[in-house]
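Down below is the structure, laid out as structure tokens.
Throughout, a chain's letter reflects where its sequence line sits, starting with A, and its residues are numbered from 1.
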Number of protein chains: 2
Amino acid sequence: MSAQHPSNAVNFCQACAVRNRAICADLDREEIELLNAIGRRKTISPGEQLLWEGDEAVFVANVIHGILKLSTHSAEGKEQILGLAYPSDFLGRPFGSTTPYSVEALTEVQVCLFQRADFDRFAREHPRLEHKLLERTLTELDRTRRWMLLLGRMNAEQKLASFLLETADRLQPATCSFVAEGDASVIELPLTRQQIADVLGLTIETVSRQFSRMKNEGLIAIPSRRGVELRDRQRLEVIAI
Amino acid sequence: MSAQHPSNAVNFCQACAVRNRAICADLDREEIELLNAIGRRKTISPGEQLLWEGDEAVFVANVIHGILKLSTHSAEGKEQILGLAYPSDFLGRPFGSTTPYSVEALTEVQVCLFQRADFDRFAREHPRLEHKLLERTLTELDRTRRWMLLLGRMNAEQKLASFLLETADRLQPATCSFVAEGDASVIELPLTRQQIADVLGLTIETVSRQFSRMKNEGLIAIPSRRGVELRDRQRLEVIAI
DNA sequence: CGAGTCTTTGAAGCCCTTCAAGCGAAGTGG
DNA sequence: CCACTTCGCTTGAAGGGCTTCAAAGACTCG
């Protein structure tokens, strides 16, 4: 537990990995001090849960590093993953009473955690923060709506191609593993096959079959369980459109 | 064309039907004057389009009355409806360069239209408005994510039941047609069968078959093409969960 | 190594789509 | 006023893609 007492707290924000990308980016030195005082760092292990769907909304958080999944369940217990959260993303539901989805760490994760009440108060008093949060929420809404097209109108092949391309894009800035040949790139999937199925609204068997098919067609290579090499980005893009 | 010249404009906002529900609700008299000056009323007929997917984001708007659909297209031309906009809802993409979806009127519609540049400037200078917009965007994001569960994990029957219940809920405050018996209620669908299919990620035939099936099972009655009576709300809710 | 978990592969079945045709209400023109 | 067209909706039949059920293979970690 890395809780900090404001009085003698180090100012973590100064050296924060997402200082320039998260919603706190536009705050000045003084504001950062205040925000630093109400937040605390927390480390979460893969599989650990941070927020519970339906719970009273007590916490909000910034992702500093690692990847988390946001998910909900149908009545029959089928999971639907609503999205993934990457570094600098914001988690939780400010200005609301209940958390609308569960949040679970997929990798080793570090977040900057706030009591929602503290955060709400701070946000209302600092329009620059609210503005950043608004921009981020609007972007997230755009992304979520694009995902609706995937869920509603794509077949399994298109869904997996889209997923691989988007994952590669979102992983890029984090890993910074640029390859000289523009085409080939290896990514480390943050999800199991089952979780990929839950993202795409498919079953694990269908996902596995699509992986095999793409491998046989030379679209991808599968060096390890979690590793995927996009061997033919162009054709993947044509499939995903 | 109901464009207003600021100098001699009537203040429409004072008597606006959504004055207390839209994002302008918290503004004071002076702020409303300013907002009134940069906005104008516009009437749109069913089938007319207000925003085009991919276009430069020039306009944003508040819905005053009527219903619109937000939609996008897959590469093969299949439509996916991303959501419906009802009175007091906000349309368009502030602080962004391109409109991420098309917007088309389903009924006779009246909106309060703003040049995006004007609106962005006003919003940045009036945190109360930005706060309202943030709350609305967060709510919309929650709703959109719930819809992902529908698209990804529900079968045709569950999808249609969910759609009918949500439509009944969102239509309620507008029509205010409360029936003494808590159970029965007739709604006027704002969508054709094809459009319902596009909302639910189904084909028109499947939607039609589900309507027929629900009618035969006594869940609903279909007094006219657009009319639906929810005869057994409880059972519909059990199906939709 | 052996237990457990994750993944792959096969076979059968079902739900939804696709293709096709018919129905019914509204509108048009002779 | 009634043929004729049009448009939205319904219904049927066949096919396909994904799911379900089942089992075996592959990797991980004590």
Side-chain angles (χ1 to χ4, degrees), chain A residues 45-47 69 74 76-81 104 106-108 150-164 188-217 219-228 239, chain B residues 46-47 69 74 76-81 104 106-107 150-164 188-217 219-228 239:
Chain A
S45 304
K69 72 173 165 86
S74 79
E76 297 119 23
K78 287 181 194 166
E79 183 167 18
Q80 174 66 51
I81 294 185
E104 182 187 315
L106 295 175
T107 64
E108 195 72 20
L150 176 142
L151 288 174
R153 290 298 183 203
M154 287 188 184
N155 63 26
E157 182 187 32
Q158 296 171 312
K159 284 179 176 181
L160 186 57
S162 299
F163 170 78
L164 291 174
E188 173 89 1
L189 296 174
L191 301 170
T192 65
R193 295 285 187 273
Q194 179 61 59
Q195 288 167 334
I196 295 173
D198 293 336
V199 170
L200 302 178
L202 298 168
T203 59
I204 183 174
E205 296 93 333
T206 303
V207 171
S208 181
R209 275 185 255 270
Q210 287 300 327
F211 264 105
S212 301
R213 220 188 41 67
M214 285 187 178
K215 187 180 70 179
N216 293 335
E217 303 222 333
L219 286 165
I220 59 172
I222 309 178
S224 68
R225 280 195 169 174
R226 294 297 189 98
V228 178
I239 292 169
Chain B
K69 72 173 164 84
S74 79
E76 296 117 25
K78 287 181 193 164
E79 182 167 20
Q80 174 66 50
I81 294 184
E104 183 187 314
L106 295 174
T107 64
L150 175 143
L151 289 174
R153 290 297 183 205
M154 288 188 184
N155 62 27
E157 182 187 34
Q158 296 171 312
K159 285 179 177 181
L160 186 57
S162 299
F163 170 77
L164 291 174
E188 173 89 2
L189 297 173
L191 301 169
T192 65
R193 295 285 187 273
Q194 180 60 60
Q195 288 166 335
I196 295 173
D198 293 335
V199 170
L200 301 179
L202 298 168
T203 58
I204 183 175
E205 295 93 334
T206 302
V207 171
S208 181
R209 275 184 255 270
Q210 288 299 327
F211 264 105
S212 301
R213 220 187 42 67
M214 286 186 179
K215 187 180 71 181
N216 293 336
E217 302 221 334
L219 286 164
I220 59 172
I222 309 178
S224 69
R225 281 193 168 175
R226 294 295 189 99
V228 178
I239 292 169

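- Counting non-hydrogen atoms under 4.0 angstrom, A:R193 reaches the backbone sugars and phosphates but no base.
- With C:dC16, C:dC19, C:dT7 as the choices, the nucleotide that has an atom nearest any side-chain atom of B:L202 turns out to be C:dC16.
- Between D:dC18 and A:T206, no contact under 4.0 Å exists linking OP1 or OP2 to a side-chain N or O.
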| task | List the steps, then state whether side-chain contact (heavy atoms from CB on, under 4.5 Å) holds for B:V228 with B:F211. | result | CA-CA 10 Å; B:V228 178; B:F211 264 105; 3.8 Å; yes
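- Here the side chain of B:E205 is nearest to one of C:dG10, C:dT18, C:dT7, namely C:dT18.
- Picking from D:dT19, C:dC16, D:dT11 the nucleotide with the shortest atom distance to the side chain of B:N155 gives C:dC16.
- For D:dT11, the OP1/OP2 oxygens have no side-chain nitrogen or oxygen of B:R209 closer than 4.0 Å.
- The interatomic distance linking B:F211 (CZ) with C:dC16 (C1') rounds to 17 Å, in whole Å.
- Across all strands shown, B:T192 has heavy atoms under 4.0 Å from sugar-phosphate atoms exclusively, and none from any base.
- Contact annotation: side chain of B:R225 to base of C:dA25, donor-acceptor pair absent below 3.5 Å.
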| field | Steps toward side-chain contact (heavy atoms from CB on, under 4.5 Å) verdict (B:T192, B:R226) | value | CA-CA 7 Å; B:T192 65; B:R226 294 295 189 99; 3.3 Å; yes
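- Between C:dC16 and B:T203, no contact under 4.0 Å exists linking OP1 or OP2 to a side-chain N or O.
- Nucleotide D:dT20 holds its C1' atom 13 Å from the CZ atom of B:R153, rounded to whole Å.
- Taking the charged nitrogens against the carboxylate oxygens, A:E104 and A:K69 do have a contact shorter than 4.0 Å, which makes a salt bridge.
- The interatomic distance linking B:R226 (CZ) with C:dA26 (P) rounds to 13 Å, in whole Å.
- Looking only at distances, a side-chain donor or acceptor of B:R153 sits under 3.5 Å from a matching main-chain atom of A:L202.
- The side chain of B:S212 has D:dT11 as its nearest neighbour among C:dT7, D:dT11, D:dT20.
- Between the CZ atom of B:R213 and the C1' atom of D:dT10 there is a distance of 15 Å, rounded to whole Å.
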